Amino acid sequence: MLLSLHGIPSVKKLIHYFKVLTKPKDHQNKLKNWSVEKSSELYKIKLWGDKYFFINDEGNISVKPTSGEALSIDIFKLIKELESRNLKSPIVIRFDDILKDRLFELHKSFNKALKDYKYNGLYQGVYPVKCNQQRQVVERLVQFGNEWNFGLEAGSKAELLIALSLIKDPNAIIICNGYKDERYIETAILARQLDKRPIIVIEQPDEVQRIIKAKNHIGSNPILGIRAKLLSNSSGRWSKTNGEKSKFGLSTCEIIKIISELKTEGLLSELKLLHFHIGSQINDIALIKDALQEASQIYVELTRLGAPMGFLDVGGGLGVDYDGSQTASNASKNYSLQNYANDVVATIQECCKNNDVKIPHLLSESGRSISSHFSVLIFNILGISNFPSKINLKSKKESLNVKNLRETLNKIKTLPNDEVLNAPYLQEAWNDAQKFKEDSLTAFRLGYISLTERGKAEELCWGCAKAILEQLKKLDISKVPDELKNIPSTLAVTYHANLSIFQSAPDTWTIEQLFPIMPIHRLKEEPILLGEITDLTCDSDGKINKFIDYGKSKNLLELHHLNEGEKYYLGMFLSGAYQETMGNIHNLFGRTNAVHITITSNDTYQINQVIQGSTKADVLQAKEYSPKELIESFRVDSEEAIKQGKLKIKDAQKLLEHVENSLRESTYLH
Ligand code: PLP
C-alpha cells in the first residue's frame with residue numbers, strides 16, 4: 001500500500017487530480033466520456049511524438065517511421081505478436097526506419113542551411129559511439145550514413161577500435177576524443193595507412209608530448225585537432241561541468257603553448273580541426289549561439305597563428321524535446337533542428353567572412369538527437385497496490401483509535417454543504433485522521449493492539465482521504481488549504497513494473513531525466529487512476545515518479561485499472577540515447593530483449609534482428625559465478641539431502657530441472 005507524500009501540486013493540477021480520483025468508475029462511463037483525442041491531449045503525444053508516434057483509431061499507439069509515406073504499424077499488436085514468438089516484455093523495440101530518418105533530417109537541415117546561406121563548405125556529421133554503443137545500432141548508422149560520408153566519434157580506446165573497424169569510407173571522419181595514451185595515438189596514426197581519416201583531438205595539454213613521441217616512433221604524422229574550453233555559459237543539467245573548470249578541452253593559454261610546441265616539432269601543418277562541446281541536451285539556442293561565436297573567433301585566431309585548419313566541429317548538445325513543450329526546460333529545447341543548423345552555419349560564416357578567413361567544413365557530434373527516437377522500451381505491469389475500496393464493517397470490540405477514525409469518517413461523509421465550504425473543518429478532520437492512524441501504529445508497536453486493528457486504522461484513514469476528496473469537489477479549489485493538497489498523492493496507486501530502472505532507464509534515477517511514458521493501448525478508455533511506477537529491484541529508489549508535464553514535471557501519471565487476465569503495457573519513448581549504455585545489472589536484472597524492426601508496408605513489418613536479453617547464466621557469469629559449478633553445488637546438496645531422507649529423488653530431479661531451465665531464461669518475470 002502506498003502512502004507517500006509528493007511535492008504539493010499546483011491548483012490547476014490539483015483540480016485535475018481531484019477530477020481523476022473522484023470520477024465514476026464503471027466501464028461504460030470510462031468509454032463514454034473518453035476518446036483518442038483526449039488521450040492524445042493528456043499524454044501530449046502529438047507534441048513529443050514528433051512525426052513518429054500517434055494514437056490510432058483502435059486506441060493503441062502506432063509508429064510511423066518514415067517522413068513522406070503513410071506507412072505505420074500498431075505497437076500494441078506488434079508486442080502481442082512478439083510475445084507469441086516468445087520475445088517477452090520488457091523489450092526494446094528499435095525502429096530502424098526512424099534511425100535512418102533522423103540521419104536524413106539532420107543532413108537535410110544542414111544541407112538546407114548551407115544552401116540558404118550560400119555557405120562555401122560542407123557539413124559532415126559523426127556519431128558519438130558513447131551514446132549507444134550497441135553493435136547493431138552503430139553498424140546501422142554507419143550503413144545509413146554512407147551517402148553523406150557520415151563518421152564516428154570515439155571517446156576511448158575501445159570505441160576507437162569500433163570506429164576504425166566499422167568505417168570503410170575513406171572520406172568519413174573519425175574523431176578521436178577522450179584520454180589518450182601512446183597506444184591510442186599510434187593506432188590512430190597507423191590507421192591512416194588503411195585509408196581511414198582519424199583526427200586526433202588534443203584535449204589535455206600533456207597529450208602533445210605523447211603525440212610527438214608517437215609520431216617519431218612511427219615515422220608519420222597524425223591529423224590533429226584541438227578541443228577548446230569555451231567560457232560561454234552552458235545550460236541544462238551539464239552546465240556545471242562546463243566552462244573554465246570543465247574536464248576536457250584547452251584554455252586559451254594552453255592552446256597558445258600547444259601551437260608553439262607543434263610548430264617546433266613541424267606538426268602545426270597537421271592542425272586541421274577545432275572542436276568544442278558545451279554539454280548534452282542544450283535547451284536554449286541563445287547559449288549555442290554564444291558558444292558558436294566564441295568558437296568561431298578561436299578558429300580565426302588559430303588560422304592567424306599559422307595552422308592550416310579546415311574543419312570546425314561543434315560537438316554534441318543538440319537537444320531532444322522529451323516533453324514536447326518547445327521551451328528551455330531541462331526536458332525540452334526552444335529551437336528546431338533547422339534553427340540549430342541555421343545558427344551553426346550563419347554564425348561561423350559571419351565570423352570567417354568578417355575576418356577574411358576561409359570558411360571551414362562543418363562537423364557535429366550529435367548523439368541524443370540521432371538515436372533517441374528510434375528506440376522504445378515496452379514493459380508490462382505485474383500488479384498494482386491500491387488503497388482499499390471498501391471499509392470493513394464495524395465489529396463489537398474496537399480500539400479507541402479505530403472508533404475515533406470511524407467517527408471522523410462519518411462526520412466527513414455527512415457534512416452539510418455549508419460546512420464543506422468551511423475548508424478548515426475538512427483540514428481538521430484530515431489532521432485528526434492522520435493522528436489517529438499514527439497513534440494506532442504506536443499502540444501496535446507497543447503491543448496494545450492487534451495487526452487486524454492496525455489494518456482497520458489504515459483502511460479508515462484512506463477512507464477519510466477519499467471522503468474528503470469527494471467533499472472538496474463542492475469547494476472552490478483555490479480555497480483548499482495546503483495540507484489537503486497532498487491528498488491526491490496519498491491516494492495514488494503503485495504500478496509494479498516488470499522492469500529494472502537501473503538497467504533500462506538509469507537517467508530517471510541518476511539525473512531525474514524525464515521520458516514520455518504512457519500506456520500503448522486502451523487509449524479510448526479513460527485512465528482513472530493516478531500512479532507512480534516501481535521496478536523489480538529491491539531498491540527503494542527503483543521507481544519512476546516524475547513524468548513529463550509540458551515544461552514541468554508531475555509526480556503521478558494517469559493510468560488504467562488492470563483488467564483481469566489481460567496484460568497492461570506501458571512504453572517509455574525517446575529512450576535510445578544513453579539508457580542501454582549506462583544501464584547496469586543492479587540486483588542482477590540483465591539486458592532486456594531487443595528487436596530491430598523495419599516497416600515493409602502498412603501494418604506489416606520485418607524483424608531484422610533479435611537480440612536476446614541476458615539469461616541468468618549471463619548475469620551470474622558477469623559477476624564471476626560459474627553456472628556449471630552452481631548446478632553442481634545444487635546436485636551435491638541434493639544427493640546429501642536424499643541420503644538423509646529429506647528429499648525424494650523425483651523432487652531432487654525437479655529442483656535441478658528448475659535451476660537448469662532458470663539459468664537459460666531471462667532475469668525478468670514471466
Ligand atoms: N561529443 C562529446 C565530446 C560528448 O562528450 C558528447 C556527450 O556528452 C557528445 C558529443 C554527444 O552529445 P549529445 O548526445 O548531446 O549530442
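Quantities reported herein were computed from a predicted structural model and do not represent experimental measurements.
- Annotation for Q326: atom CD does not count as buried by contact number, only 12 or fewer foreign heavy atoms lying within 6.0 Å.
- Under the 3.5 Å distance criterion, the side-chain polar atoms of S366 are left unmatched by any main-chain donor or acceptor of I370.
- Remark: D74 CG to K80 NZ distance equals 11.5 Å, nearest 0.5 Å.
- No more than 12 heavy atoms of other residues, nucleotides or ligands shown are found within 6.0 angstrom of NZ on K46.
- The local environment of CZ in R135 is sparse, with at most 12 non-hydrogen atoms from other residues, nucleotides or ligands closer than 6.0 Å.
- In summary, of the residues considered (L559, L570, L499), a side chain to side chain contact (heavy atoms under 4.5 Å, CB included) with I381 occurs for L570 alone.
- Within 6.0 Å of the NZ atom in K654, the count of heavy atoms belonging to other residues, nucleotides or ligands does not exceed 12.
- Residues L318 and S364 have side chains not in contact (no heavy-atom distance under 4.5 Å, counting atoms from C-beta outward).
- The two residues I175 and E365 make their nearest non-hydrogen contact at CG2-OE2, 3.5 Å.
- Here the options are D541, D535, D539, the test is side chain to side chain donor-acceptor pair (under 3.5 Å), and the partner is T537; only D535 passes.
- Each of I162, V137, L160, L141 was compared with V129 under the side chain to side chain contact (heavy atoms under 4.5 Å, CB included) criterion, and only I162 meets it.
- Side chain of S614 to main chain of R591: a donor-acceptor pair is present (N/O by atom type, distance under 3.5 Å, no hydrogens or angles).
- Taking CG of N380 as the reference point, atom OH of Y668 lies at 11.5 Å (rounded to 0.5 Å).
- When every heavy atom of M572 is checked against every heavy atom of S575, the shortest pair comes out as O-OG, 3.2 Å.
- In terms of modelled atom types and a separation under 3.5 Å, the side chain of N498 and the main chain of L382 share no donor-acceptor contact.
- Ring orientation note: the planes of H586 and F502 are nearly perpendicular, at an angle over 60° on the 30°/60° scale.
- S109 contributes a side-chain N or O that, together with a main-chain N or O of E105, makes up a donor-acceptor pair within less than 3.5 Å.
- Using a 4.0 Å cut-off between charged nitrogen and carboxylate oxygen, D603 and K77 do not count as a salt-bridge pair.
- Panel note: side chain D507, backbone I511; no donor-acceptor pair is recorded below 3.5 Å.
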For this session: Decide salt bridge (Lys or Arg N to Asp or Glu O under 4.0 Å) for E558 and K38; before the verdict, give the C-alpha distance in whole Å, the side-chain angles of both, and the deciding distance to 0.1 Å.
Result: CA-CA 12 Å; E558 295 77 0; K38 285 190 178 171; over 6 Å; no
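- Judged by distance alone, the side chain of H560 and the main-chain N or O of R522 form a donor-acceptor pair under 3.5 Å.
- Side-chain atoms of E83 come within 3.5 Å of backbone N or O of S89 as a donor-acceptor pair.
- Between I517 and Y43 the shortest heavy-atom distance is O-CD2, 4.4 Å.
- More than 12 heavy-atom neighbours from other residues, nucleotides or ligands sit within 6.0 angstrom of CD on E566.
- The number of heavy-atom neighbours closer than 6.0 Å to OH of Y625, taken from other residues, nucleotides and ligands shown, is 12 or below.
- The environment of NZ in K130 is crowded: more than 12 heavy-atom neighbours from other residues, nucleotides or ligands sit within 6.0 Å.
- Inter-residue side-chain proximity for Y495 and I384 is flagged as met; some heavy-atom pair is nearer than 4.5 Å.
- Residues H521 and Y568 place their aromatic rings such that the two centres sit under 6.0 Å apart.
- Aromatic ring centres of Y322 and F515: separated by under 6.0 Å.
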For this session: Could you please spell out the steps behind the side-chain hydrogen bond (donor to acceptor under 3.5 Å, both in side chains) verdict for N283 and Q281?
Result: CA-CA 6 Å; N283 44 19; Q281 184 64 12; over 6 Å; no
